[in-house]
Protein chains: 4
Amino acid sequence: MSEQKTPTKREIQAEERREQLLQAALDLFSKRGWDGTSIKELADTVGVAPGLIYHYFESKEDLLTKVIERYGFIPELRRVLIPSSEKPTQEVLPEIARAFYDLLEEKGRVICIFVREGLVKEELHHRWVAMTNEACKLLANYLDARVEAGELRPHNTEVTARMILHTVVMLHLVNAPPDRLKDLVEIVMNGIAQRETENCR
Amino acid sequence: MSEQKTPTKREIQAEERREQLLQAALDLFSKRGWDGTSIKELADTVGVAPGLIYHYFESKEDLLTKVIERYGFIPELRRVLIPSSEKPTQEVLPEIARAFYDLLEEKGRVICIFVREGLVKEELHHRWVAMTNEACKLLANYLDARVEAGELRPHNTEVTARMILHTVVMLHLVNAPPDRLKDLVEIVMNGIAQRETENCR
Amino acid sequence: MSEQKTPTKREIQAEERREQLLQAALDLFSKRGWDGTSIKELADTVGVAPGLIYHYFESKEDLLTKVIERYGFIPELRRVLIPSSEKPTQEVLPEIARAFYDLLEEKGRVICIFVREGLVKEELHHRWVAMTNEACKLLANYLDARVEAGELRPHNTEVTARMILHTVVMLHLVNAPPDRLKDLVEIVMNGIAQRETENCR
Amino acid sequence: MSEQKTPTKREIQAEERREQLLQAALDLFSKRGWDGTSIKELADTVGVAPGLIYHYFESKEDLLTKVIERYGFIPELRRVLIPSSEKPTQEVLPEIARAFYDLLEEKGRVICIFVREGLVKEELHHRWVAMTNEACKLLANYLDARVEAGELRPHNTEVTARMILHTVVMLHLVNAPPDRLKDLVEIVMNGIAQRETENCR
DNA sequence: CATGAATGAGAGTTCATTCAT
DNA sequence: TATGAATGAACTCTCATTCAT
């Protein structure tokens with residue numbers, strides 16, 4: 001029943017075409033927006049007849065959903081944001097910042113689409129918020145572990161998580177070079193206040 | 001020529017109508033997006049004929065520009081982000097965070113439009129980046145002054161500025177309640193690392 | 001408030017255009033059917049742009065409804081089928097048959113549309129059945145009056161009404177010449193059985 | 001050549017498939033109309049690929065023709081409408097009315113299609129008219145025989161035939177229950193006029 | 001015999017925009 | 001200033017039909 005049927009050559013080709021369409025849609029949607037992209041434009045890009053798109057997707061709306069699902073990155077997000085709880089923050093945070101930055105780089109186009117359409121479509125907005133929340137929660141969990149381990153002082157770790165992740169996102173959106181990341185981590189770790197540590201000397 | 005003529009009644013009415021149209025456009029554009037809003041919809045909302053809109057604005061594109069200009073908030077941004085350089089950070093930063101958060105609250109609709117269309121229209125994107133850069137620069141300037149005053153330790157103030165502002169933006173986009181703001185400031189000030197200060201005792 | 005505003009010239013022209021569109025739609029729908037008629041075809045017939053049709057009607061479906069309403073003929077039906085109850089059948093029935101036949105002639109096109117689309121659209125089917133029922137009822141009422149007056153023998157007048165009206169309809173659908181109508185009336189009146197009346201002489 | 005080859009298993013299967021397609025087409029065409037039914041819909045209903053339909057039928061148009069031919073009912077019509085000329089009208093007419101009514105019941109779907117498409121396609125219209133004419137002629141022939149036999153008085157038998165058949169058709173279209181049929185026959189036989197027969201007593 | 005990917009024409013509909021009134 | 005009839009291009013989507021597999 002549930003045995004993995006070897007797909008026929010035709011099925012493979014069909015799958016390739018679907019992939020091709022999703023890829024082109026990802027490209028165009030991120031460049032011109034979803035409303036700004038016409039089915040004909042997409043068809044021309046791929047080099048097929050407009051009608052064919054409706055063989056693979058129910059509607060333009062459906063295509064948007066499928067693009068977001070196909071190029072979503074929740075698994076990657078989890079991989080990046082679940083570090084070993086034992087590793088010290090000094091080592092982990094720069095890695096996370098960088099890995100997250102790179103993930104944004106790679107997933108920039110879906111994110112564009114996600115943000116843009118999320119501003120207008122209720123359901124996508126919900127998904128977007130849910131995703132950011134999960135991301136923050138994951139990082140906060142790690143930070144909590146480090147607090148427990150005595151490396152970090154007790155504090156509102158969720159805000160810290162947001163601070164790190166959101167800043168990385170914004171740095172990325174603004175095309176800031178990734179070398180700022182280590183400053184970011186350093187500031188988060190040590191704060192910006194002049195320490196009265198000197199005084200004790 | 002440029003003398004301030006007392007506007008005639010007709011001119012006043014015209015100005016009111018323009019205002020009315022801009023207001024409705026702001027509303028609709030932020031709710032449904034620019035492409036998602038039709039001229040007829042706008043006309044119906046205001047209760048005028050579609051043709052009339054073209055007496056006040058050159059095109060739908062022009063209308064978008066005018067909305068962004070009319071409801072832009074660079075002056076408010078400056079007011080909020082240029083505190084007295086002498087006031088201590090402890091006092092100023094919470095105020096800034098809160099004022100900035102409230103500004104976003106008030107200007108939420110233009111920002112939606114700005115972000116959404118900025119993702120697709122080159123020119124708006126530039127304006128958006130320029131604005132965020134200026135905002136960060138302003139805050140960084142204040143921080144620099146406090147470093148000079150010895151209140152803050154020397155560090156990459158621009159990153160700090162981004163961290164604060166971006167996080168506030170994101171907290172707002174995610175509808176997080178404003179009570180997180182004071183945690184934010186506290187963390188930025190003191191960092192999250194466990195201090196070895198104790199040791200000097 | 002409810003005073004009859006003299007319509008402006010523009011309003012008159014608009015009304016003429018609407019009429020023109022309905023007329024053309026009646027023509028085309030009856031000739032090619034509703035699905036068989038394209039909006040472009042209709043527009044070309046009238047000599048306007050396709051888009052204009054949607055200025056006057058909500059959709060192609062709406063246009064169908066409006067055509068049927070505009071060219072419906074329930075009032076005429078009533079006029080034709082409510083004869084003076086005092087007049088004798090011999091005089092009235094031929095008149096009715098003829099007037100009804102002529103009405104069909106004049107309203108042939110709506111009827112075509114009505115029948116055709118009624119076979120496929122629930123709601124139109126209901127309206128059609130209701131109309132035929134009313135027509136039969138009206139004629140049956142008259143016949144009842146004549147039974148009461150002693151001119152006709154007691155019988156199922158509703159069946160007689162149906163017999164007359166339906167036969168006229170069918171004769172018309174089949175393009176039978178109207179001279180058959182008097183035979184029809186004669187048969188209904190006297191039946192076809194050989195009378196044994198002669199015998200009593 | 002024309003010898004009756006025992007059909008191979010494949011041929012039998014093919015025939016079954018053709019039958020299956022015709023059956024489904026009959027169903028769908030009568031429910032949604034010919035234009036309202038898509039090849040894909042038909043294919044889905046039967047559970048085959050759209051392309052297969054073109055192995056069995058030349059085109060959608062051809063399919064319509066084949067449906068009408070396959071489910072036509074001229075033979076049944078003849079069987080029903082050619083009673084023994086010797087049998088008396090009193091016995092035969094009720095039988096005919098009922099048998100004809102039942103035939104309509106059974107053949108309702110083809111008739112729907114026939115009527116609907118006949119209103120729009122010249123050729124089908126001709127066939128429809130021809131069929132009704134033949135039916136009327138057949139019944140008229142029987143009536144003529146009964147006139148000759150002295151059971152019926154001389155009259156325009158063709159009109160009587162139309163009257164009976166058309167009324168039955170219409171009763172059927174309007175979903176009137178079949179108990180009206182005997183009233184119909186009775187009226188046709190005896191007329192509705194008050195007889196002066198009494199007088200001769 | 002059977003599939004379903006692919007086509008391309010054309011469907012209904014929307015919409016920014018113009019312009020006579 | 002204001003109207004809304006009119007345009008025409010572009011849009012999404014459907015569908016009969018073909019054909020390589």
Side-chain angles (χ1 to χ4, degrees), chain A residues 8-11 13-18 35-43 46-63, chain B residues 9-11 13-14 17-18 35 37-43 46-63, chain C residues 8-11 13-18 35-43 46-63, chain D residues 9-11 13-14 17-18 35-43 47-63:
Chain A
T8 69
K9 203 172 144 203
R10 257 182 111 182
E11 281 169 342
Q13 279 184 351
E15 207 40 57
E16 280 172 3
R17 174 104 320 157
R18 170 176 254 104
D35 332 68
T37 305
S38 77
I39 291 291
K40 184 172 184 329
E41 206 175 355
L42 177 59
V46 176
V48 298
L52 187 59
I53 290 168
Y54 293 87
H55 193 69
Y56 288 94
F57 305 97
E58 281 173 21
S59 64
K60 202 186 168 188
E61 185 107 27
D62 179 45
L63 183 51
Chain B
K9 202 174 144 205
R10 256 180 100 152
E11 281 169 342
Q13 277 188 352
R17 176 104 318 161
R18 166 175 261 107
D35 332 68
T37 305
S38 76
I39 291 291
K40 183 166 185 334
E41 208 175 354
L42 177 61
V46 175
V48 298
L52 188 60
I53 290 169
Y54 290 84
H55 272 281
Y56 290 94
F57 305 96
E58 280 172 23
S59 65
K60 203 184 167 190
E61 186 106 29
D62 178 45
L63 183 52
Chain C
T8 68
K9 204 172 143 203
R10 257 182 109 182
E11 281 168 342
Q13 278 184 351
E15 208 39 57
E16 280 173 4
R17 173 99 328 151
R18 169 176 255 104
D35 332 67
T37 305
S38 77
I39 291 289
K40 184 171 185 330
E41 207 175 354
L42 176 60
V46 176
V48 298
L52 187 59
I53 290 168
Y54 293 85
H55 194 69
Y56 289 94
F57 305 97
E58 280 173 21
S59 64
K60 202 185 169 190
E61 186 108 28
D62 179 46
L63 184 51
Chain D
K9 203 174 143 205
R10 255 179 102 150
E11 281 169 341
Q13 276 188 351
R17 176 107 314 164
R18 166 176 260 106
D35 331 68
T37 305
S38 75
I39 291 291
K40 185 171 185 328
E41 207 175 353
L42 177 60
V48 298
L52 188 59
I53 290 169
Y54 291 85
H55 271 282
Y56 289 94
F57 306 96
E58 282 172 22
S59 65
K60 202 184 166 190
E61 186 106 29
D62 178 45
L63 184 52

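Quick note on labels: first sequence line is chain A, next is B, and so on, each numbered from 1. Note that the coordinates shown come from a computational prediction; the quantities given were computed from them, not determined experimentally.
Position along DNA chain F of the nearest nucleotide to E58(D) versus T37(A) favours T37(A) as the more 5'-ward residue. Mapped onto DNA chain F by nearest heavy atom, G36(D) and R17(C) fall at different nucleotides, with R17(C) at the one closer to the 5' end. Comparing Q13(A) and R10(A), the nucleotide of DNA chain E nearest to each residue sits closer to the 5' end for R10(A).
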Side chains of residues 35-42 of chain D: which donor-acceptor partners sit under 3.5 Å, not counting sequence neighbours?
from: D35(D); atom 1: OD1; to: R116(C); atom 2: NH2; distance (Å): 3.1
from: T37(D); atom 1: OG1; to: L28(D); atom 2: O; distance (Å): 3.4
from: T37(D); atom 1: OG1; to: G33(D); atom 2: O; distance (Å): 2.7
from: S38(D); atom 1: OG; to: E41(D); atom 2: N; distance (Å): 3.1
from: K40(D); atom 1: NZ; to: D44(D); atom 2: OD1; distance (Å): 3.4
from: K40(D); atom 1: NZ; to: D44(D); atom 2: OD2; distance (Å): 2.8
from: E41(D); atom 1: OE1; to: S38(D); atom 2: N; distance (Å): 3.4
from: E41(D); atom 1: OE2; to: R32(D); atom 2: NE; distance (Å): 2.4
from: E41(D); atom 1: OE2; to: R32(D); atom 2: NH2; distance (Å): 3.2

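With sequence neighbours excluded, the residues satisfying side-chain hydrogen bond (donor to acceptor under 3.5 Å, both in side chains) with E61(C) are K121(C). Residues meeting the salt bridge (Lys or Arg N to Asp or Glu O under 4.0 Å) test with E15(A), sequence neighbours left out: none.
Of the residues in residues 48-56 of chain B, those placing a heavy atom less than 4.0 Å from an atom of DNA chain E are G51(B), Y54(B), in numerical order.
Contact detail for A49(B) and A43(B): the closest heavy-atom pair is C-CB, 3.9 Å.
Counting only residues at least two apart or in different chains, side-chain hydrogen bond (donor to acceptor under 3.5 Å, both in side chains) contacts with residues 50-60 of chain C are absent.
Stem analysis of DNA chain E (Watson-Crick or G-U pairs, both distances under 3.5 Å, runs of at least three) returns E:2-21 with F:2-21.
If you walk DNA chain F from 5' to 3' and mark each nucleotide with an atom closer than 4.0 Å to a heavy atom of chain B, the marks span dT1(F) to dG4(F).
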